[in-house]
Amino acid sequence: MRILVTGGAGFLGSHLAEHFLGQGHEVIVLDNFITGAIENIKGLLSHPDFTFKKQDVTDYIEVPGRLDAVFHFASPASPVDYAQYPIQTLKAGALGTHKTLGLAKDKKAAYVLASTSEVYGDPLVSPQPESYWGNVNPIGPRGVYDEAKRFAEAMAMAYHRTHRVKVHIARIFNTYGPRMRKNDGRAVPNFITQALANKPITVYGRGRQTRSLCFVTDLVRGLDSLLHSPISSPVNIGNPDEHTILEIAQRIKKLTGSKSRIVFDPLPVDDPRVRCPDIRLAKRALRWKPLIPLEVGLKRTIDYFRG
Ligand code: NAD
Ligand code: UDP
């Protein structure tokens with residue numbers, strides 16, 4: 001296959017690119033480095049089946065030759081990043097999705113959208129099944145991301161229904177692993193960086209809010225299965241192993257052998273109180289489930305941050 005990955009110089013995109021190259025496919029990455037870095041793909045640049053082009057996906061996209069699949073992963077993804085780049089985030093989800101869907105239609109390629117658990121907002125139902133419509137504040141600080149992704153899902157379904165594009169919508173839950181940026185502001189890189197430096201570990205609120213963390217290799221396997229499935233409606237991909245943020249901070253402190261104190265900082269506005277995927281659909285339709293326990297994934301991520 002010849003596969004395009006937008007946002008391929010970012011955390012998830014670079015793992016996807018590496019995965020498909022490893023399977024013998026050809027991979028083209030587009031990225032404008034707004035939150036990604038060339039270092040994430042430096043090991044791929046000399047690969048004969050790998051092409052990189054610096055491009056903003058909100059501009060017209062031209063890719064010569066055939067394409068079998070388009071993975072649209074370009075978007076700032078951490079709350080700190082999308083607060084810093086609100087308009088670019090809206091544009092990546094809206095204009096970027098439109099442009100990449102147009103490309104997939106033109107090339108008769110399958111399309112995989114990186115959607116998110118954030119479409120559920122601060123959920124009133126837990127765990128969250130795909131049938132839940134969500135509880136999103138459109139005008140709060142997270143609205144730029146949540147609404148862009150909700151628009152992206154609507155656009156993908158419209159291209160599917162109107163133009164018969166073979167779309168797949170992955171509702172990705174919090175994923176972590178090597179190549180996350182140290183300073184991207186998300187809980188796992190923050191806690192690991194703070195713990196390794198014996199600096200205070202900043203838990204927001206009282207740390208009672210929950211998240212369910214999926215290791216990146218599990219996510220990539222799920223996305224690969226999704227591409228090969230006939231399913232076009234959204235599918236949750238995540239690990240239902242739910243913990244409070246305080247538990248995750250304590251776990252990281254222990255695994256790093258850190259002397260850090262845990263401190264409590266103000267809870268960001270609209271921070272979801274719970275988040276846990278209902279993955280019955282993925283288990284049934286993709287024959288997929290996560291395999292890497294939190295402890296194992298955290299150790300691998302800590303090793304990466306140590307390096
Ligand atoms: P990331 O910031 O590491 O990667 C995003 C990449 O997209 C970066 O390399 C960035 O430079 C690029 N990009 C952003 N806007 C662009 C534009 N207009 N043109 C070209 N490139 C652009 O973030 P990530 O965690 O790897 O997230 C990747 C995708 O997965 C995002 O769409 C995100 O919304 C989605 N997602 C991630 C998670 C997670 O837990 N990591 C959860 C849900 C959804
Ligand atoms: N969080 C925290 N301390 C930090 C960074 C994040 O307590 O230094 C909390 C944040 O408030 C949220 C959770 O950890 O409740 C997960 O945050 P992250 O930014 O990783 O992703 P989110 O799930 O909010 O998109």
Side-chain angles (χ1 to χ4, degrees), residues 5-16 29-38 40-41 53-59 61 71-83 85 87-97 99-100 112-119 122 142 145-146 148-149 152 170-177 179-181 183-194 200-216 219 223 236-238 243-246 248-249 262-275 277:
V5 182
T6 76
F11 163 49
L12 297 183
S14 64
H15 282 278
L16 264 180
V29 157
L30 304 183
D31 203 295
N32 68 353
F33 298 129
I34 187 170
T35 56
I38 195 81
N40 287 334
I41 48 169
K53 189 177 168 199
K54 185 161 187 259
Q55 146 117 46
D56 186 324
V57 296
T58 67
D59 295 330
I61 303 170
F71 282 77
H72 181 38
F73 275 61
S75 169
S78 121
V80 169
D81 287 344
Y82 55 75
Y85 303 111
I87 296 170
Q88 290 94 328
T89 302
L90 282 158
K91 286 175 72 179
L95 306 181
T97 303
K99 296 277 186 295
T100 50
V112 181
L113 175 67
S115 186
T116 167
S117 52
E118 284 282 322
V119 301
D122 187 5
R142 303 177 82 104
Y145 182 69
D146 303 7
K149 293 291 185 180
R171 288 194 179 148
I172 301 169
F173 282 66
N174 294 65
T175 301
Y176 70 102
R179 295 203 203 116
M180 291 186 97
R181 234 171 57 236
N183 60 346
D184 86 358
R186 289 185 265 199
V188 169
N190 267 11
F191 294 167
I192 295 179
T193 310
Q194 292 161 345
I201 297 177
T202 55
V203 166
Y204 300 156
R206 302 176 75 174
R208 287 188 189 150
Q209 68 276 31
T210 68
R211 293 296 185 272
S212 308
L213 302 180
C214 182
F215 191 63
V216 61
L219 179 85
L223 293 169
N236 289 338
I237 305 189
H243 295 275
T244 68
I245 285 297
L246 182 58
I248 294 169
I262 292 183
V263 297
F264 295 91
D265 283 352
L267 188 68
V269 175
D270 293 341
D271 199 290
R273 276 162 300 174
V274 291
R275 197 182 276 155

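Counting convention: from 1, in listed order, for ligands and their atoms alike. Numbers for residues simply follow the sequence, beginning at 1.
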Where ligand 1 meets [X] - atom numbers and elements under 4.0 angstrom, heavy-atom basis:
| X | value |
| --- | --- |
| Ile172 | 38 (C), 42 (C), 43 (C), 44 (C) |
| Phe11 | 1 (P), 3 (O), 4 (O), 25 (O), 26 (O), 41 (N) |
| Phe33 | 11 (O) |
| Ala9 | 9 (O) |
| Gly36 | 8 (C), 9 (O), 10 (C), 11 (O) |
| Ser115 | 43 (C), 44 (C) |

Do any N/O atoms on [X] end up under 3.5 angstrom from N/O atoms on ligand 1?
| X | answer |
| --- | --- |
| Arg181 | no |
| Thr175 | yes |
| Asp31 | yes |
| Thr116 | no |

Residue-level breakdown please: for [X] versus ligand 1, do any non-hydrogen atoms fall below 4.0 Å on the side chain, on the backbone, on both, or on neither?
| X | result |
| --- | --- |
| Tyr176 | neither |
| Arg186 | side chain |
| Lys149 | side chain |

Contacting atoms of ligand 2, where contact means under 4.0 angstrom from a heavy atom of [X]:
| X | value |
| --- | --- |
| Glu118 | 25 (O) |
| Thr202 | 2 (C), 3 (N), 4 (C), 7 (O), 8 (O) |
| Arg275 | 22 (P), 23 (O), 25 (O) |
| Asp271 | 10 (C), 11 (O), 12 (C), 15 (O) |
| Val203 | 7 (O) |
| Asn190 | 4 (C), 5 (C), 8 (O) |

Shortest reach to [atom] by a heavy atom, considering only [options]:
| atom | options | answer |
| --- | --- | --- |
| atom 24 (P) of ligand 1 | Gly96, Ala77, Gly13, Ala152 | Ala77 |
| atom 5 (C) of ligand 1 | Ala74, Ser75, Gly238 | Ser75 |
| atom 20 (O) of ligand 2 | Pro266, Ala187, Gly207 | Ala187 |

Could you check if a side-chain atom of [X] sits within less than 4.5 angstrom of a side-chain atom of [Y], using non-hydrogen atoms only?
| X | Y | answer |
| --- | --- | --- |
| Arg179 | Val216 | no |
| Phe173 | Leu219 | no |
| Ile38 | Ile41 | yes |

Quick check on Asn174 - does any of its heavy atoms sit under 4.0 Å from an atom of ligand 1?
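So Asn174 counts as touching ligand 1.
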
Taking only non-hydrogen atoms of Gln55, do any sit less than 4.0 angstrom from ligand 1?
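A heavy atom of Gln55 does come that close to ligand 1.
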
Could you pull out the closest heavy-atom pair between Thr97 and Ala152, with the gap in Å?
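Looking at all heavy atoms of both residues, the shortest contact is OG1-CB, 3.4 Å.
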
Any idea which protein heavy atom is nearest [atom], and the distance to it?
| atom | value |
| --- | --- |
| atom 25 (O) of ligand 2 | Arg142 NH2, 3.0 Å |
| atom 13 (C) of ligand 2 | Ile245 CD1, 3.4 Å |
| atom 4 (O) of ligand 1 | Gly10 CA, 3.4 Å |
| atom 16 (C) of ligand 2 | Arg211 NE, 3.6 Å |
| atom 21 (O) of ligand 2 | Asn174 ND2, 3.5 Å |

Does a salt bridge link Arg211 with Asp271, judged by any charged N lying under 4.0 Å from a carboxylate O?
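Result for this pair is yes, salt bridge flagged.
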
Going by heavy atoms, is Gln194 under 4.0 Å from ligand 2?
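Checking ligand 2 against Gln194, which is what was asked, there is no heavy-atom contact under 4.0 Å.
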
Between ligand 2 and Gly185, can you find any atom pair, the residue atom being a heavy atom, that is separated by under 4.0 Å?
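So Gly185 counts as touching ligand 2.
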
Greater than 12 external heavy atoms within 6.0 Å of Lys91's NZ
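No, because the 6.0 Å sphere around NZ of Lys91 holds 12 heavy atoms or fewer from other groups.
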
